[in-house]
Amino acid sequence: MKSYNIAVIPGDGTGPEVIAEGVKVLNAASDRFGFKLNLNYFDFGGDRYLKTGEALPDGAVDELKKHDAIYLGAIGHPDVKPGILEKGILLRLRFELDQYINLRPVKLYPGVDCPLKDKGPEHIDFVVVRENTEGLYAGAGGVLKKGTPDEVAVQESINTRKGVERCIRYAFEYCRKRKRMKKLTLCGKTNVLTFAFDLWERTFYEVAKEYPDIKVDYAHVDAITMWFVKNPEWFDVIVTDNMFGDIITDLGAMIQGGMGVAAGGNINPQGVSMFEPIGGSAPKYKGKNVINPLAAICAGGMMLEYLGEGDAGRTIERAVMEVTSKHLKSLAAGKMGYTTREVGGLVADYMSKI
Ligand code: IPM
Ligand code: MN
């Protein structure tokens, strides 16, 4: 029997609650599809940081590297200053594990309320390929004369040919395998960011020559936020830089019905990848059994697809669609008509029925 070693980081806030439901569904998938998951839990997060003063202990990254994938709940704690855990855990893992792709599907599931008038599941089904190790997130820059009237703050966007090209190539390959519209849109800002997005644009059209079967398209980032609302059906796969990808995927999450169902994968195609719900730790709902676990469950499905268990991953998605179309009143925390654990239980039940 195939077996996979998974590092599980439940993390902060509602992270542990949604991960528990994700694990329930992953176990149902492994029972049905005949593989084994060895889960290894790590307590990284805000509580550990408050106790020990370190975000990630020495050797943590090497330890995580021994696994086939990482399953992450959420990072973010109300008693820890913003930036410490994000940079010290989440971004550090993305960078040190060289997870250079952040893959974020935006799909409206049946039965889910969409805030866009006259749009249904047939209109909203695209994937954002966000570069995940460079751009404004690289941390380049600095500050001079801090706290004085002459203060200077510089924050630079780093774009390397290698980093841009590997991301764009991944997006073309992904678009080809997805076999939907076979259309890849570059999202940039070539009219203003004439250094960074000139590199992106040239690389995009060069690589495009190797993919004559893929239609290529370009949109400025400001315009794309408009098209997401007006014509989301135009999109199949979108490739963009780290910062723009961060911003447009929150908008994407809203048009697919909210953070309750938005999942993502931090992917190193040659290394260890990490899958997470993208909604954050939602500390005000912690321990109340009301948070929506579907995003974490979908992230688990993405992880199985990545591990090569495509049938199992797709079955998780189908089970989620059964639950959204036949059961949930809403995707919002506290308004689902079911508790967190009940929603996990429903999805797990469908895993053996469909
Ligand atoms: C995300 C989050 C992170 C990001 C934060 C928590 C650092 O917003 O995964 O989109 O900006 O990438
Ligand atoms: Mn974000």
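Since the model is a prediction, treat every value here as computed from it, not as a measurement. Computed from heavy atoms alone, side chains included, the values below leave out hydrogens, waters and symmetry copies.
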*Take atom CZ in Arg180; do more than 12 heavy atoms of anything else shown fall under 6.0 Å from it?*
yes

*With no hydrogens and no angle check, is any side-chain donor or acceptor of Lys183 less than 3.5 Å from a backbone partner on Trp234?*
yes

*asked:* Among residues at least two apart in sequence or on other chains, which ones pass salt bridge (charged side-chain N to carboxylate O under 4.0 Å, His left out) with Arg202?
replied: Asp198

*Which pair of non-hydrogen atoms, one from Pro277 and one from Val18, has the smallest distance, and what is that distance?*
CG-CG2, 4.4 Å

*For Asn266 and Asn132, which heavy atoms make the closest approach, and how far apart are they?*
OD1-ND2, 2.9 Å

*In terms of heavy-atom contacts, does NZ of Lys329 have more than 12 from other residues, nucleotides or ligands at under 6.0 Å?*
no

*Residues in salt bridge (charged side-chain N to carboxylate O under 4.0 Å, His left out) with Glu210, at least two apart?*
Arg169

*Is there a donor-acceptor pair under 3.5 Å between the side chain of Thr339 and the backbone N or O of Val290?*
no

_Sequence-distant partners of Tyr218, ring pair (Phe, Tyr, Trp, His ring centres under 6.0 Å), two or more places apart_ = His220

*When you measure from the side chain of Arg130 to the backbone N and O of Asn242, does any donor-acceptor pair fall under 3.5 Å?*
yes

*Any idea which heavy atoms bring Ile291 and Thr340 closest together, and the distance?*
O-OG1, 2.7 Å

*Could you tell me which non-hydrogen atom of Phe126 sits nearest to which non-hydrogen atom of Pro232, and how far apart they are?*
CD2-O, 3.9 Å

*Measure from the ring center of Phe44 to the ring center of Phe42 and say whether it is less than 6.0 Å.*
yes

*Report the relative orientation of the aromatic rings in Phe197 and Phe244; use parallel for angles under 30°, tilted for 30 to 60°, perpendicular for over 60°.*
parallel

*Can you name the closest pair of heavy atoms from Phe275 and Ala299 and give their distance?*
CB-O, 3.6 Å

*Minimum-distance pair of heavy atoms, taken over all atoms of Ile248 and Cys187*: CD1-SG, 4.3 Å

*Do side-chain atoms of Asn292 reach the backbone of Leu294 as a donor and acceptor pair under 3.5 angstrom?*
yes

*Report yes if the distance between the aromatic ring centroids of Phe228 and Phe235 is under 6.0 Å, otherwise no.*
yes

*asked:* One thing to verify: whether Arg161 and Glu206 come together as a salt bridge, which I'm taking to mean a side-chain N less than 4.0 angstrom from a carboxylate O.
replied: yes

